[in-house]
Amino acid sequence: MLQLRKEPEAGAVAQPRAQGRLDLSTKARGTVSAIDRLRSIGSMKALFPRRPGRVEAIAINTAGGLTGGDHLEINARAGAGSRLSVTTQAAERAYRAASGFARMETELSVESGAVMHWLPQELILFEGASLRRRLSCTLAADARLLLVEPIVLGRAAMGETLRAVAFDDRISVNREGVPLYHDALHLDGDALALMARRATGAGAGAMASVLYVAPDADSHLTALRGLLPATGGASLLRSDVLALRLLAADSHELRRSLVPVLDRLSADTLPTSWRL
Amino acid sequence: MPIDARLLTLTQWLSPSYPVGAFSYSHGLEAAVARGWVSDADSLRDWLTDVLEQGSGRIDAIWIWRAFHGDAVEVDALARAFQPSFERLREAERQGAAFARVTREVWGLDLPDMLLPVALGRAAHLMQMEAETVAALYLHGFVGNLVQVAQRLMPLGQTAAQAVLAGLTPVCQRVAVAAEGAEPWSNAFLSDIAAMQHETLEPRLFQS
């Protein structure tokens, strides 16, 4: 069951918490994609480096990390025939929550003939982090999607421990109202001990899930398998749905495996923030 | 323990001789043995404990509960989307179809082809069984099959194999109870990765 901490009790002095929301949509103008609507509220900002053939958005949480009571939302829609790539400027850090839990909610919508790349950098969980994250995505019948969610469990190399983490994470991708790919994980308590177990992570400190939805999914399967370490796997769930899962010792090892995978699936359009 | 006809029927459905072909699926265990992640009785017990508590065992128990109490067709659609690999989907799909075919013919139930835990949950509801007992016995049969699979893949004597299964019995019971009203999630990442890797494993004895 969900064991996230409760909201602070009435009467407790509430810290002002970070709230942020980014609403973004794109549209096709001939062969070019352009921003259709853009609204940014609170601590969520976005940059738009000029890219050929697509809109690239770099989301920035100006609050510099997440803690209890924070609420970040991203709502991104790739309108019919347009191409939208969303990434983050830096890894997102979930810090100790003194009270309550942080929320991250992302809603993606990919319309007919559109392409969405959801390529955030790592989420790093620190000791005491309490975070509920939801990513939901709706796809039109012929929409294309590339999605990655990298997660790093503290910085083990610096001797950090994660004895009291509450992280509840769900990804739900539906196509024309039908569940296509759903995934969820739930780290509660001693996350390092949990990830040390034999069929969980065998000591991994970082992991990632990748989802690729496109008619050419099967043509990538063999090549992707060749890019993966012993602790990675890829599978074709349907003729146009490819799922990949990867465990690594730390964030550095994770990137080393992940970047070639994302280069291939994004046709070498991985946002430059991934190179830094 | 009260014995009635329903419990005997449930035992029949979940016995290794019920023709769903369970013996031909390793649920990724064959790849885990090939990698050396599972190599003896202790590591097998650890692996299966995680699969039960953190992975597909827990989720299957949730599908049984949900199909028992809710719209099985809806549960089936979600359960399919939660399958982490092609072979795992096929394993649940083929066994479910075989279970549904035999069960609707013999007992005359309105039971469409669905993933195994979903079909079982619906059939159990139609026969007015207890969801908790169904889930516990399903999990026990599930790991019982995997212990037998392990005996074909690595040196593991009959007595040691039965000791592993006996050790997992309270886990099955606990997971079956906790699955009521619970949300599906899985932390058994390596189990899922092993299932993916099995697709290219050569040579292999099992279909998953």
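It should be emphasised that the depicted structure is a prediction, and the values quoted were computed from it without experimental measurement. Per chain, numbering begins at 1; letters A, B, ... match sequence-line order.
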Original post:
Taking non-hydrogen atoms and a cut-off under 4.5 angstrom, which of residues 225-245 of chain A neighbour chain B?
Top reply: R225(A), P229(A), A230(A), T231(A), G232(A), G233(A), A234(A), S235(A), L236(A), L237(A), A243(A), L244(A), R245(A)
Thinking salt bridges, do [X] and [Y] make one under a 4.0 Å N-O criterion?
X       : Y       : value
E122(A) : R255(A) : yes
R134(A) : E149(A) : no
E105(A) : R132(A) : yes
R163(A) : E127(A) : no
R204(B) : E87(B)  : yes

**OP:** Between chain A and each of A31(B), P184(B), A32(B), S43(B), count heavy-atom pairs under 4.5 Å; write down the option with the most.
**Re:** S43(B)
**OP:** Output the option from G55(B), A195(B), A194(B), A188(B) having the highest count of non-hydrogen pairs under 4.5 Å with chain A.
**Re:** A188(B)
Where does [X] contact chain A at under 4.5 Å (heavy atoms): side chain, backbone, both or neither?
X       : value
L78(B)  : both
Q83(B)  : backbone
D192(B) : side chain

Subject >> Contact check, side chains of L187(A) and L162(A), non-hydrogen atoms, under 4.5 Å >> reply: no
Original post:
Does the side chain of I124(A) come within less than 4.5 Å of S251(A)'s, by heavy atoms?
Top reply: no
Original post:
Quick one: of M207(A), M195(A), R198(A), who has the most non-hydrogen atom pairs under 4.5 Å with chain B?
Top reply: R198(A)
Original post:
Highest number of heavy-atom pairs under 4.5 Å with chain B: which of V178(A), D183(A), D169(A)?
Top reply: D183(A)
Original post:
Any chance the side chains of S112(A) and D142(A) put a donor and an acceptor closer than 3.5 Å?
Top reply: yes
Subject >> Atom of L147(A), atom of I171(A) and distance for their closest heavy-atom approach >> reply: CD2-CD1, 4.3 Å
